[in-house]
Each structure stands twice: as structure tokens, then as C-alpha cells.
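Protein chains get the first letters and strands the later ones, always in sequence-line order, with residue 1 at the start of each.
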2 protein chains.
Amino acid sequence: MDKQISQAVIRRLPRYYRYLGELLDDGVERISSNDLSKRMHVTASQIRQDLNNFGGFGQQGYGYNVAYLHDEIGNILGVNETHNVIVIGAGNLGQAIAGYVKFERVGFKIIGLFDTNPELKGKMVRDLPIQMLDELPDFIKNNDVEIAALTLPKANAKSTALKLVSLGVHAIWNFAHVDLDDIPDVVIENVHLSDSLMQLSYNITKQK
Amino acid sequence: MDKQISQAVIRRLPRYYRYLGELLDDGVERISSNDLSKRMHVTASQIRQDLNNFGGFGQQGYGYNVAYLHDEIGNILGVNETHNVIVIGAGNLGQAIAGYVKFERVGFKIIGLFDTNPELKGKMVRDLPIQMLDELPDFIKNNDVEIAALTLPKANAKSTALKLVSLGVHAIWNFAHVDLDDIPDVVIENVHLSDSLMQLSYNITKQK
DNA sequence: TAGATTGTTAATCGATTAACAATC
DNA sequence: TAGATTGTTAATCGATTAACAATC
């Protein structure tokens, strides 16, 4: 891609995608940046600027075709292809993620679930058996694994991430409470739940 | 609080808190903004600016006392007090959150877990029985509930949020895939997992 | 054509970084 | 005191908003 697009823009794309999906479900055929801006509580200017980072998806005097724009944003985000995901760490959160993401209509498919605890071996979560971590290299060899979700204790996160990268998995959805940003050749997306909760806590406290 | 502090700053505080906690565990007594900046891959200038939104916690020529700064940031975030949390929606994710957050040393305590599915009634998750949603008003009356985590289908999220606010709960940790930002008198913190996954997906796609 | 609305340039605003005087 | 490092002001950078010519 030619010019670097800021993460601020990228963070907004899934929200546009969601609103357009809802409009689509409601049978709305076209929408102007102005109408969309009112629904989403953002400026029309921002919507047009954001979209024009990727191309001209609208038409003067008409607005945007909902189905077309929805599909285009889907393409940009890469959700119109299937992405195979494995989950490392089959605790509560790992099992929830394994069961949860499948529900989304977007194209992420959980194909494996791993842990180190021998007591969990073979336990079924939905239609997936929990596998032991030493089966991971073979599994990756035999399956097209694109993303690994790390739902394991922070102590094991970094070494596991390094192992994943060496096995050829270059995208990590990190739920462990550590930063993995010094690992080369990998895209990291963090979900730090306790950070999120602290932010909430601050905003409550401030309000008083 | 006098001047409005931007959410960009607030978002960084939990990360400072985490790094200071680790330094504390490692027995480090003091640290300069410069040393901390190297560890965290941010600028020293940003650290000093961020902290000075809340007061002068350092000392010229010395730096920052780790224990003191850790504690002060904890106070700002409100994690040195206990916050009672209930979880609405006892599916996979709700059960995971109910079991998970308790593990954190920060002061969030899950005291109730609710669902509408009668089959789940009374089922124990850790030491909490799943209660039915119609027991919620009494529960809130008899307990000091500060935060509600919404881990339920998007279709029910808004009406549940409205009900919570009317019952006196003014902080929502929202895992449902909807925006609740048009509800008055409530602080919302969103965790949109599928948005996060899409962002990851974009960053993979871009890389290629 | 006239009206509507985009795509895009220009202006503004806010956040980040740099610089340095204050001070421990 | 001299050296180190903060707190804070000033400069820069980037993101958001406004404005409007292009055009459907």
C-alpha cells in the first residue's frame, strides 16, 4: 500500500462496517455521509476523509451505496476471506474465545485449541478437542494457521509468541497482560481487559 | 477535576501502572523518565507530560520513586479502592469474565452473575450462583453495585443498560457489539472483540 | 439544468516532542 | 557545589474539521 494509513483511521473502520451492516439489514440502499454521521455521532467530514484514504466509494449528489460500501470496507479489513485461528491457553477465557468468535459472521474460524495442562487433554470445547502444546508444531505444519490468540498467563506469553513466530504464525491476538512489541516479524493486537477496566474506573472516579 | 484530561492520556495510565508494578516487584526503588521511556518504547517527554496532568510526582535530579508513583497512579485510576462488579449474561464470555477478573490484584470484585436462561439458574461459577435477571432489582438494592459488565447478545444490551441505569448502576463495561453512547447518566467502556480482530486482520492484510 | 453531495484542499485544533530553566 | 532530571513552555507534527469546487 502506498501511503501509510494511521491506526486512528483503522480503528474506526470496523465501526463503519458494523453500522453499514445494520443499514443493510434494514434494507437501506443508500446513505449520505451526513446521515451516517448523525447516526454514528461523528462528523461527516471525518467519514469522507477516512473513506478517501482507500478510494472514492461514493458518488456526488447521491451519497454511498450501502451494500457496495459495506463490501468494500469488508475487503479492506480482510473479513471477506476466511482466517484460520488457533487459541493457545484453554482456560475460561480461551474456551470463551474459542466458542465466541465462531458466532461472528465475519470470517474468522477457530481450528485449534491448545493448553499445557494434561487434565484438559481431549476435552471438547464446541467441536474442538483441547490439544497439548507439544502437538502445536505438527498442527501448524498440517494446517493453514494465520492467527494465534494468546489466552494464557503472562509468564508464558512471550516464549509462546516467539515459538509461534518461528513456526510461521505471524499474527497474534494477545490477551495476556504483557507487551509483545519487541518481537520481530509479527503483527500484534492487544486486548488488555484489566486496562480497559481501569479506564472505566478512572472515568467513574472523575465523574464524582 | 479542574481541567479536562484527554482519553489519550487516560489510556496510557494503566500501562504505566503495570510497568511500575513490575519494577516494584523487581525491587527497583527509583526510575527516571528517560529509563522508563526506554523500557516502554515511548518518549520521556510524554511520560513527564502525562504525569504532570495530575501533579508533580518526581523530584529534580532524582527521578521518580517507583513505589510512590505506582501508588499515586493507582489512586488516580481508582484501583486502590474496591469496586463491586456484576456480570449480566452468563454465557461463555460472562463466565470467563466472572472467573477472570477476580484474579487480578486490582480492586475489582465480582459479586453477582445474572442470566435469563432458567437452565442456568443456581449453577455455580467459582463461588457465585447464577441468578435470574428478575432478581436483579433486589440484588442491587441490597448490594453496593458500582459496575455492570454486559456479556449478552446485542439485541438485549440497550434495554438492559437502561434498566441498570434506572436501578442506580452508572458504569457499564460493555462487551456487546453495540454502541450505548446515547444513554444518559452512565459511563461506558466498550470492549468490542470483533472490532479488535478486524483491526488485526487489516494489519495482516496490509503487510502482504 | 438545479440540487445534492462527494472528493479534496485549506484551516484549525489537539497531541506529541523538543528544549531548557528551575531545582533537588 | 556540580550533575542530573524534573516540570513546563515553546515548537512541531498529525489528526480533525471546515469549506468549497467538482460532478453526478
Is a salt bridge present between A:Lys109 and A:Glu146, judged by a nitrogen-to-oxygen distance below 4.0 Å?
->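 Salt bridge flag = no for A:Glu146 with A:Lys109.
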Going by an N to O cut-off under 4.0 Å, is there a salt bridge joining A:Lys158 and A:Asp182?
->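 Judged by the 4.0 Å cut-off on N to carboxylate O distance, A:Lys158 and A:Asp182 do form a salt bridge.
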Checking only heavy atoms, does the side chain of A:Ser6 share a donor-acceptor pair with the base of D:dA15 at less than 3.5 Å?
->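 It does not, because no donor-acceptor pair links the side chain of A:Ser6 to the base of D:dA15 below 3.5 Å.
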With no angle test and no hydrogens, is the base of C:dT9 tied to the side chain of A:Gln49 by a donor-acceptor pair under 3.5 Å?
->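 Looking at the base of C:dT9, it does pair with a donor or acceptor on the side chain of A:Gln49 (distance under 3.5 Å).
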Specify the residues of residues 63-75 of chain A, ordered by number, for which at least one heavy atom lies under 4.0 angstrom from an atom of DNA chain C.
->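 Contacts with DNA chain C under 4.0 Å: A:Gly63, A:Tyr64.
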Is a donor from one side chain sitting under 3.5 angstrom from an acceptor on the other, for [X] and [Y]?
X        : Y        : value
B:Asn84  : B:Asp144 : no
A:His177 : A:Asp195 : yes
A:Asn80  : A:Asn75  : yes
A:Asn65  : A:Gln59  : no
A:Tyr19  : B:Asp179 : yes

For [N], take OP1 and OP2 only and decide whether either is under 4.0 Å from a side-chain N or O of [X].
X       : N      : answer
A:Ser33 : C:dT5  : no
A:Thr43 : D:dT16 : no
B:Arg12 : C:dT16 : yes

Between atom [atom1] in [X] and atom [atom2] in [N], what is the gap in whole Å?
X       : N      : atom1 : atom2 : value
B:Asn53 : D:dT9  : CG    : P     : 13 Å
B:Arg48 : D:dT6  : CZ    : P     : 6 Å
B:Tyr62 : D:dT5  : OH    : P     : 11 Å
B:Ile47 : D:dT5  : CD1   : P     : 13 Å
A:Arg30 : D:dC24 : CZ    : P     : 16 Å
B:Gln46 : D:dT8  : CD    : C1'   : 16 Å
B:Gln60 : D:dG3  : CD    : C1'   : 13 Å
A:Leu51 : C:dG7  : CG    : P     : 8 Å

Cationic tip of B:Arg30 within the cone over B:Tyr62's six-membered ring, i.e. under 6.0 Å and within 45° of the normal?
->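 Yes; both conditions hold, so B:Arg30 lies above the ring face of B:Tyr62.
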Using a 3.5 Å cut-off on both pairing distances, which stems of three or more Watson-Crick or G-U pairs include DNA chain C?
->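 Stem list for DNA chain C: C:3-24 with D:3-24.
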Closest nucleotide among D:dA19, D:dG7, C:dA10 to the B:Asn52 side chain =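 Closest nucleotide to the B:Asn52 side chain: D:dG7.
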Pick base, sugar-phosphate or nothing for B:Ser32, based on heavy-atom distances below 4.0 Å to the nucleic acid.
->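 Result for B:Ser32 = sugar-phosphate.
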Mind listing the closest non-hydrogen atom pair of A:Val66 and A:Leu20 along with its distance?
->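 Where A:Val66 meets A:Leu20 most closely, the heavy atoms are CG1-O, 3.6 Å.
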Among B:Asn117, B:Ile88, B:Asp115, which one satisfies side chain to side chain contact (heavy atoms under 4.5 Å, CB included) with B:Leu133?
->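 Testing each of B:Asn117, B:Ile88, B:Asp115 against B:Leu133, the sole residue satisfying side chain to side chain contact (heavy atoms under 4.5 Å, CB included) is B:Ile88.
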Residue whose closest nucleotide on DNA chain D lies nearer the 5' end, B:Phe57 versus A:Gly61 |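 It is B:Phe57 whose nearest nucleotide is closer to the 5' end.
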